[in-house]
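Residue indices begin at 1 and follow the sequence shown.
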Amino acid sequence: MSWWRDRSLTLVLLALFAVCTAGQAVSGWFEYNGEREAHGQSPSTLPGYLATGHPWAALFENWESEFLQMAAFVLLTTRLVQKGSPESRRRSVREAVDADPRDHQHTPGAPWPVRRGGFVARIYAHSLSLALLLLFAASWVGHVLGGLAAFRADAVSHGQPAPALGAYLASPRLWFESLQNWQSEFLSIATMVWLSVYLRERGSPESKPVHAAHDEHD
């Protein structure tokens with residue numbers, strides 16, 4: 001049981017992700033068939049629906065915004081501050097995360113890249129932001145491919161020729177889909193940073209102690 005308890009946060013979040021993804025697929029299928037029926041077309045099976053671009057454009061559209069948010073937050077918090085927020089570094093204070101990994105090459109339990117040193121350690125020192133940026137890029141490509149398939153299907157259903165990739169990349173549709181999610185992610189994280197200065201959640205590592213002054217940051 002200790003293995004499950006030690007990983008309970010990740011496991012619960014992944015379980016919620018799986019449930020919501022399945023719900024998105026089924027509800028998207030019903031919506032898709034509703035649109036087909038409105039155009040006098042026969043309904044699609046669930047596997048047939050999953051073979052279209054409709055579910056994948058929506059899925060990756062959301063993933064890209066989440067990974068963009070996290071990558072931007074990780075990178076921006078290395079330099080920018082919000083006084084009093086536990087989500088921010090403290091100005092003019094050397095934090096534990098600022099330690100030079102070369103000083104810990106022989107620390108027991110140090111990750112292999114730290115013990116290896118050199119170029120490998122330098123890459124590892126930025127591996128979190130690099131991984132998030134790569135996940136953002138992969139999700140954006142998935143959004144483009146799924147969105148292109150849906151874009152072409154819409155054009156064909158209206159008796160128009162299937163547009164090329166360049167036409168979709170230059171279309172307002174792609175950027176409307178992306179920017180409507182990006183703006184909400186930046187707003188949500190800005191809200192979290194600001195509210196955490198003044199509001200508390202006892203027991204959460206994302207909050208300051210309930211008794212802490214507003215401008216205090218542990």
[atom2] on [Y] to [atom1] on [X], rounded to 0.5 Å:
X: Leu75; Y: His126; atom1: CG; atom2: NE2; value: 9.5 Å
X: Ser42; Y: His39; atom1: OG; atom2: NE2; value: 14.0 Å
X: Glu37; Y: Gln41; atom1: CD; atom2: CD; value: 10.0 Å
X: Glu61; Y: Ser139; atom1: CD; atom2: OG; value: 11.5 Å
X: Ser127; Y: Ile123; atom1: OG; atom2: CD1; value: 9.0 Å

Within-4.5 Å side-chain heavy-atom neighbours: [X] and [Y]:
X: Thr77; Y: Glu87; answer: no
X: Met192; Y: Glu206; answer: yes
X: Thr78; Y: Val97; answer: no
X: Trp175; Y: Trp182; answer: yes
X: Leu68; Y: Glu185; answer: no
X: Val120; Y: Trp112; answer: yes
X: Arg36; Y: Ser44; answer: yes
X: Leu165; Y: Val144; answer: yes

Take the angle between the ring planes of Tyr168 and His143 and call it parallel below 30°, perpendicular above 60°, tilted in between.
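Answer is perpendicular, since the angle exceeds 60°.
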
Can you label the angle between the His54 ring and the Tyr49 ring as parallel, tilted or perpendicular, going by 30° and 60°?
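Plane angle between 30° and 60°, so tilted.
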
Is the backbone N or O of [Y] less than 3.5 Å from a side-chain atom of [X], with the two atoms forming a donor-acceptor pair by type?
X: Asp103; Y: Ala99; result: no
X: Arg152; Y: Ala162; result: no
X: Ser207; Y: Arg200; result: no
X: Ser184; Y: Asn181; result: yes
X: Ser157; Y: Asp154; result: yes
X: Arg7; Y: Trp3; result: yes
X: Lys83; Y: Ser88; result: no
X: Thr107; Y: Ala110; result: no
X: Lys208; Y: Ser85; result: no

Can you confirm whether Glu201 is buried at CD, in the sense that more than 12 heavy atoms of other residues, nucleotides or ligands lie under 6.0 Å from that atom?
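Counting neighbours around CD of Glu201, 12 or fewer heavy atoms of other residues, nucleotides or ligands fall under 6.0 Å, so no.
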
For Arg173, is the CZ atom crowded, meaning more than 12 foreign heavy atoms sit under 6.0 Å from it?
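Yes - once you tally the heavy atoms of other residues, nucleotides and ligands closer than 6.0 Å, there are more than 12.
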
[X], [Y]: one ILVMFWY side-chain cluster at the under-4.5 Å cut-off?
X: Phe30; Y: Leu59; value: no
X: Phe136; Y: Leu128; value: yes
X: Leu148; Y: Leu169; value: yes
X: Trp140; Y: Trp63; value: yes
X: Ile189; Y: Leu133; value: no

Smallest separation among heavy atoms of Gly53 and Ala149, with atom names:
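In this case the closest contact between Gly53 and Ala149 is CA-CB, 3.8 Å.
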
Testing the basics here: between Trp56 and Leu50, what is the closest heavy-atom pair and its distance to 0.1 Å?
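Shortest heavy-atom separation between Trp56 and Leu50 comes out as NE1-O, 2.6 Å.
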
Just checking, is any N or O donor in the side chain of Glu64 or Ser178 under 3.5 Å from an acceptor N or O on the other one?
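Ser178 and Glu64 do have a side-chain donor-acceptor pair below 3.5 Å.
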
Looking only at side chains, do Gln69 and Ser188 share a donor and an acceptor under 3.5 Å apart?
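Distance-only check passes for Gln69 and Ser188.
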
Are the ring centres of Trp29 and Tyr32 closer than 6.0 Å?
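They do not qualify: ring centres at least 6.0 Å apart.
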
